[in-house]
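Down below is the structure, laid out as structure tokens.
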Amino acid sequence: MIVTVILGLAAAALLGVGFVAQQHAAYAEPLKDMLRVRLLLDLVRKPLWLSGIGAMICGQILGALALQRADVSRVEPLFATNLIFALAVAASVYREPLGGREWLGAVLVSGGVAAFLVFGQPYGGRVPSSVSVVWLAMLVILVLAAGLVLAAVRVELPAKAMLLAAAAGTLFGVQDVLTRDSLVRLNMPGHGPGALVMTWQPYTLFVIALLGILLNQSAFDAAPLRISLPAMTAAEPVIGIVLGVAILGERLRVDPVALAGEVAGLMALVAGIIMLGRSPFLAKTEQGSYRRPDRT
């Protein structure tokens, strides 16, 4: 379990660093490119964005190693700490001390993660058949993500950024479950790479990952991290845990004390994410030396 925690936190650190770099690059792109492949084609020519993507990929690799060792419900809360690392990077870059809001948010996030893991004690899990009815739960979540994107088209920029970020976080939660399923399937007796490529999960994982990147870069293009990142960070663990239970058969303790602790932990986690997301350090692209270019 200690190794899993270390891998999960290291993954979160790299994700946080990557998100800061990506947002600095994406925020300079024209708004008309949101939700278009052109946005990614423009960003791929920016070294800063590529470095952010590189950090994110390394984080996802470490996250995959954590998911290989433990259930989604154990690992997802650890990923949510990426906002703490993003905040630390932003504070370091702008050389300003963290305030009481940031420290309280960090305590709530870390304490929420610890409470959920201690009280929930996730266990179990299985690899369902590729044609099992349980995969309909993933379809429901994908419809939810599509609804968030459609709603984002009709609202102003701050709300648009939050909705797109929530949709991206939703897809990342699906991605985590598909990653766990593929890795477990890969290591099952009688299975292997040959058997894995004959299933639909790896290909769906690739498509979901690409769509998630497009959505989160569009959210970064629309608004600063303090608006876009919290929604994504909160959505991913919630969706991942829900699908881990619904699809992979993971279990949490449900006695009254454990259930109260799990709910309190998740509430503290979300509250801390929101509090950290409102930190002025995550809005320096509006306030600091970085000047926002023409957005037409």
Side-chain angles (χ1 to χ4, degrees), residues 12 15-16 18-20 22-23 25-27 29-41 43 49 52-53 56-57 59-60 63 72 76-77 79-80 82-83 86 135-179 201 203-244 246-247 266 269-270 273-274 276-278 282:
L15 289 172
F19 287 148
V20 172
Q22 291 168 45
Q23 197 276 334
Y27 198 46
E29 293 299 307
L31 292 174
K32 64 182 180 181
D33 289 344
M34 276 194 302
L35 298 177
R36 296 182 180 180
V37 177
R38 178 183 176 85
L39 174 63
L40 298 182
L41 295 178
L43 288 172
W49 188 80
I53 287 294
M56 186 179 75
I57 291 174
Q60 289 177 334
V72 177
E76 283 287 9
F79 291 167
N82 72 76
L83 189 53
W135 289 106
L136 289 177
M138 185 182 73
L139 181 60
V140 172
I141 296 301
L142 293 179
V143 171
L144 171 63
L148 291 172
V149 174
L150 290 176
V153 174
R154 300 175 174 85
V155 296
E156 298 298 322
L157 279 182
K160 187 188 298 289
M162 287 188 288
L163 289 171
L164 291 177
T170 298
L171 292 187
F172 289 150
V174 174
Q175 175 184 321
D176 293 336
V177 171
L178 288 172
T179 299
Q201 282 88 346
Y203 309 103
T204 304
L205 172 60
F206 178 75
V207 173
I208 292 295
L210 284 181
L211 290 175
I213 290 175
L214 177 59
L215 289 176
N216 88 321
Q217 299 309 312
S218 295
F220 290 165
D221 185 23
L225 281 180
R226 65 184 175 89
I227 295 175
S228 55
L229 190 54
M232 181 170 62
T233 305
E236 181 177 356
V238 172
I239 295 300
I241 291 169
V242 168
L243 290 183
I247 295 177
L266 287 177
L269 174 63
V270 173
I273 288 170
I274 293 173
L276 288 176
R278 291 178 176 174
L282 298 184

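Checked by atom type and distance alone, the side chain of Gln175 never pairs as donor or acceptor with a backbone atom of Gly169 at under 3.5 Å. Although no hydrogens or angles enter the test, the distance criterion places a donor-acceptor pair under 3.5 Å between the side chain of Gln22 and the main chain of Gly18. Of the possible donor and acceptor atoms, one in the side chain of Ser218 sits under 3.5 Å from a partner among the backbone N and O of Leu35.
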Thr233/Phe19 under side-chain contact (heavy atoms from CB on, under 4.5 Å): CA gap, chis, key distance, verdict: CA-CA 11 Å; Thr233 305; Phe19 287 148; 5.5 Å; no

Worked verdict on Gln23 versus Leu229 for side-chain contact (heavy atoms from CB on, under 4.5 Å): CA-CA 9 Å; Gln23 197 276 334; Leu229 190 54; over 6 Å; no

Check against side-chain contact (heavy atoms from CB on, under 4.5 Å), Gln60 and Leu15: CA-CA 8 Å; Gln60 289 177 334; Leu15 289 172; 4.3 Å; yes

Check against side-chain contact (heavy atoms from CB on, under 4.5 Å), Phe206 and Leu178: CA-CA 10 Å; Phe206 178 75; Leu178 288 172; over 6 Å; no

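In this view, Ile274 and Val270, Arg278 satisfy the side chain to side chain contact (heavy atoms under 4.5 Å, CB included) rule, not counting sequence neighbours. Applying the side chain to side chain contact (heavy atoms under 4.5 Å, CB included) rule to Ala137 yields the partners Leu243, Ala246, Ile247; only residues at least two apart in sequence or on another chain are considered.
Taking CD1 of Ile208 as the start and OH of Tyr203 as the end, the distance is 16.0 Å to the nearest 0.5 Å. The structure places CZ of Phe79 at 15.5 Å from CG of Leu83, a figure rounded to the nearest 0.5 Å. Taking CG of Leu39 as the start and CH2 of Trp49 as the end, the distance is 8.0 Å to the nearest 0.5 Å. Rounding to the nearest 0.5 angstrom, the gap separating the CZ atom in Arg36 from the CG atom in Leu41 is 12.5 Å. For the atom pair CG (Leu148) and NZ (Lys160), the distance works out to 13.0 Å, reported to the nearest 0.5 Å. Atom CG of Leu214 is separated from atom CE of Met34 by 11.0 Å, given to the nearest 0.5 angstrom.
For the pair Asn216/Leu171, no side-chain contact is recorded, criterion being any heavy-atom separation below 4.5 Å from C-beta on. For the pair Ile141/Met138, no side-chain contact is recorded, criterion being any heavy-atom separation below 4.5 Å from C-beta on. With a 4.5 Å cut-off on side-chain heavy atoms, Leu266 and Pro237 do not count as touching. Side-chain atoms of Asp221 and Gln217, non-hydrogen and from C-beta on, never get closer than 4.5 Å to each other.
Closest non-hydrogen pair, Ala151 versus Val155, comes out as O-CG1, 3.6 Å. For Ile241 against Pro77, the heavy-atom pair with the smallest separation is CD1-CG, 4.3 Å. Ala167 and Ala145 get closest at one heavy-atom pair: CB-O, 3.8 Å. Closest of all the heavy-atom pairs between Ala26 and Phe220 is CB-CB, 3.8 Å. Scanning all heavy atoms of the two residues, the minimum distance from Ser228 to Ala219 falls at CB-O, 3.8 Å. The two residues Ala168 and Met232 make their nearest non-hydrogen contact at CB-SD, 3.9 Å.
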